[in-house]
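In what follows, chains are A, B, ... by sequence order, proteins preceding strands, each numbered from 1. Owing to the predicted nature of the structure, the values given are computational and were not obtained by experimental measurement. Every heavy atom of this structure was used, including side-chain atoms; hydrogens, water molecules and symmetry mates were not.
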2 protein chains.
Amino acid sequence: MVKGPTVYDVAERAGVSIATVSFAFSQPHRVRESTRNSVLDAARELGYVPSASARGLAKGRTGALGLFSFDYLNLLPEAAGDGAKSGSEADEDCRLFPIWVDEVQRGVELECFSRGYALMIGGGNKASGERAVTDIAGRVDGLIVFARTIPAEVTRRISARIPVVELSDPEGESSLHRVTIDNASGIGQLMEHLIGFHRFRRFMFVSIPNAENEARYNAYSAVLAAHGLEVQPPLESRPGASAVTAELIAELQDSGSLPDCFVCANDEEALVVLETLKAAGIPAPAQVAVTGFDGIVAGRLVRPSLTTVRQPMELIGRTAVDILIDTLTDPPATPSHRQLPVSLAVRESCGCRAQEN
Amino acid sequence: MVKGPTVYDVAERAGVSIATVSFAFSQPHRVRESTRNSVLDAARELGYVPSASARGLAKGRTGALGLFSFDYLNLLPEAAGDGAKSGSEADEDCRLFPIWVDEVQRGVELECFSRGYALMIGGGNKASGERAVTDIAGRVDGLIVFARTIPAEVTRRISARIPVVELSDPEGESSLHRVTIDNASGIGQLMEHLIGFHRFRRFMFVSIPNAENEARYNAYSAVLAAHGLEVQPPLESRPGASAVTAELIAELQDSGSLPDCFVCANDEEALVVLETLKAAGIPAPAQVAVTGFDGIVAGRLVRPSLTTVRQPMELIGRTAVDILIDTLTDPPATPSHRQLPVSLAVRESCGCRAQEN
DNA sequence: ATTCTTGATCTATGCGCATAAGTACGGGGG
DNA sequence: CCCCCGTACTTATGCGCATAGATCAAGAAT
């Protein structure tokens, strides 16, 4: 706390110049072994800890990558979902299961560490505004952001300075690097199972509107059209407002127009639908099947377990880091876009017996 | 990527000096509004992103806190545990449930963000050595480390430069700030329940040896002694080697000396014991009860659900951050040590019916 | 009218490190 | 014996920002 020792102190103690101290650490081969040892000894004795700020300033690189997460506090209410909390222990406000963001973050962490980069994590919310983002951006050599969490104008500005990877937005800003998943293929596999194996004919898509979900809806529509099946507009649920979903489903039931299967744009919505159906006394999957998309952990623990399309979440994080490091090493002419494959996870909620888990 | 604009560029464009640019951002009141606006406009037009390295160097503070986690890769095999993976989906190597470290980290993240600090996360393993730690240490204003993950000599050195909080080591280096939990009270509550309510008499403590577990064992011994019950040396399980535990338990069974209850030093061990008992055909808790310590998520999802002592994990993380920020604001004369309370979570594995979950 | 005050801005400097360019030295080849 | 060259260091400089202290203008006070 009392102002740590610097290269100057170490140099003086070792009886060499600061350049030699610097070399001793960063380019050992340029210093005779005896000299290097005396420098390292001096450093140890003094408790020298190099300043990353100074190093970053001098080198123009920080050696750290950044991940900008939106403030959990704001996401919690919707993210935790009904199924993720257990009643009496809900007081400890931890997430029972990792959600999408957590698993991706984990991939980012693992890849950063194994590649020798530090990871700077920033959080923000609507209030903290873009300050929070640029703050992180100013600290790192490359930044990973989740789609739709910060204004395009801001990411564009940042990407003029450091490489930015946007995660999972099929229609993202084209100046950014992107990691996306193959929504079309995932929906294709899923629908193939539902139509081909289960012989479902009447479907209802459930989603809140955003680019990702829209891509899924479009793929869904295309498959239905190809099979000559009727395409209805999506049932628009609202995040955190399961009551709305409940009402919509009640209407469907009253009018006798329940589908064979609810195809939900993501697992969280699917869990809400399952919950709602249970509450309404509609047996799932016996009367109505339900599917999700993402592959969050909660989906495999709920009963009936959720048939879904699984994203390689950890890989998404790892890939983002890989793109950044590649870019830093050897800047590509054009932003990279890596689309990762997804896989169908057939579980119970489509009407199949549990095959796994 | 092409070398971002600096204060000099902004100053030139706005027709002011760099000092004014700096003031416009950091001390708005010192700059006339019209000037400030023209500076901010210029900054926006140029896509100016302040360099945290330069700022950190100039101010002597980085505005970031650090958390040093050991490389997950090395912890995974033991940490994930048998119960945390589901067979056929084990290929995706994510953690099904957050473990202790995750929940603490989450607390650290939340507190950092809400207090306006960025969080630098570092990872390392035995191989990367102390370089990884000092690397992080050089980047931040304060550091949080998990007990027993890095050599005391290193933390001591670092703590000469920035405040360091060590998490949960009852016998930690006294020059460091510490956040610990009340092991004695937790064990006390637990044993009170087991002895007073369940009337168990013959106990067996299960643990791998470390300071934390020893503190728990000591508390356990004290309670038994106070009740005039026999105290046996702990059953030493080995991390990751559930076969060893199985063997030890088999021996106990053969010799007819199974206890009324296995008191495990932590939840992970308790899960292994439960698993082992199940495999051996010994009904738990009917014949032998089992308890854990920590309160990890997996413990409440397993059947029988695990009776345990719950640590306030998120709070531990938050408290560590709080200590650091306090210390930075107003350095205390002596390292702070905050001991947090724990609470008994009575579930099924002690023989009680499910009261919750 | 002159001096003091206050606010707004600028000039100059240093933070701690990396590194280009320079210096000193010693040995081998001519 | 001199020159060249490689090795092992050192000197000098700049990275981008914050900030103390200087400057300057425009009232306010005398």
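With the nearest nucleotide of DNA chain C identified for both Pro5(A) and Val21(B), Val21(B) has the one nearer the 5' end.
Looking at heavy-atom distances under 4.0 Å, Val16(B) makes contact with sugar-phosphate atoms alone, never a base. Nucleic acid contact for Ser22(B): base, since at least one base atom lies under 4.0 Å from a heavy atom of the residue. Counting any heavy atom pair closer than 4.0 Å across all strands shown, Val31(A) reaches sugar-phosphate atoms only and no base atom.
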Which donor-acceptor pairs under 3.5 Å do the side chains of residues 55-67 of chain B make with protein atoms, sequence neighbours left out?
{"from": "Arg61(B)", "atom 1": "NH2", "to": "Leu328(B)", "atom 2": "O", "distance (Å)": "3.1"}
{"from": "Thr62(B)", "atom 1": "OG1", "to": "Ala64(B)", "atom 2": "N", "distance (Å)": "3.1"}
{"from": "Thr62(B)", "atom 1": "OG1", "to": "Arg139(B)", "atom 2": "O", "distance (Å)": "3.2"}
{"from": "Thr62(B)", "atom 1": "OG1", "to": "Asp141(B)", "atom 2": "OD1", "distance (Å)": "3.2"}

Between protein and nucleotides 20-22 of chain D, what N or O pairs are separated by less than 3.5 Å?
none

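A 4.0 Å heavy-atom criterion places the boundary nucleotides of DNA chain C facing chain B at dA8(C) to dG16(C), written 5' to 3'.
Screening residues 4-13 of chain A for salt bridge (Lys or Arg N to Asp or Glu O under 4.0 Å), with sequence neighbours left out, gives Arg13(A)-Glu45(A).
Rounded to whole Å, the distance from CD on Glu12(A) to C1' on dC9(D) is 18 Å.
The minimum heavy-atom distance linking Ser69(B) with Gln105(B) is given by the pair OG-OE1, 4.0 Å. Closest of all the heavy-atom pairs between Leu143(A) and Phe68(A) is CD1-N, 4.3 Å. Nearest heavy-atom pair, Ser51(A) versus Arg161(B), reported as atom, atom and distance to 0.1 Å: CB-NH2, 4.1 Å.
With salt bridges taken as basic N to acidic carboxylate O contacts below 4.0 Å, one links Glu130(B) and Arg157(B).
Environment of CD in Gln27(A): crowded, with over 12 heavy atoms of neighbouring residues, nucleotides or ligands closer than 6.0 Å.
Residue Gln27(B) has no polar side-chain atom (N or O) positioned under 4.0 Å from OP1 or OP2 of dA18(D).
Proximity of the aromatic rings of Phe25(A) and Tyr48(A) is defined here by a centroid distance below 6.0 angstrom, and this criterion is met.
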- request: Output, in order, the C-alpha distance, side-chain angles, deciding distance and verdict of side-chain contact (heavy atoms from CB on, under 4.5 Å) for His177(A) and Ser159(A).
  value: CA-CA 9 Å; His177(A) 300 281; Ser159(A) 70; over 6 Å; no

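Atom-to-atom distance recorded for Ile325(A):CD1 and Ile323(A):CD1 is 11.0 Å, nearest 0.5 angstrom.
With sequence neighbours left out, Arg115(B) forms a salt bridge (Lys or Arg N to Asp or Glu O under 4.0 Å) with Glu111(B), Asp322(B).
At a non-hydrogen distance threshold of 4.0 Å, Thr35(A), Leu57(A), Ala58(A) from residues 33-62 of chain A come into contact with DNA chain D.
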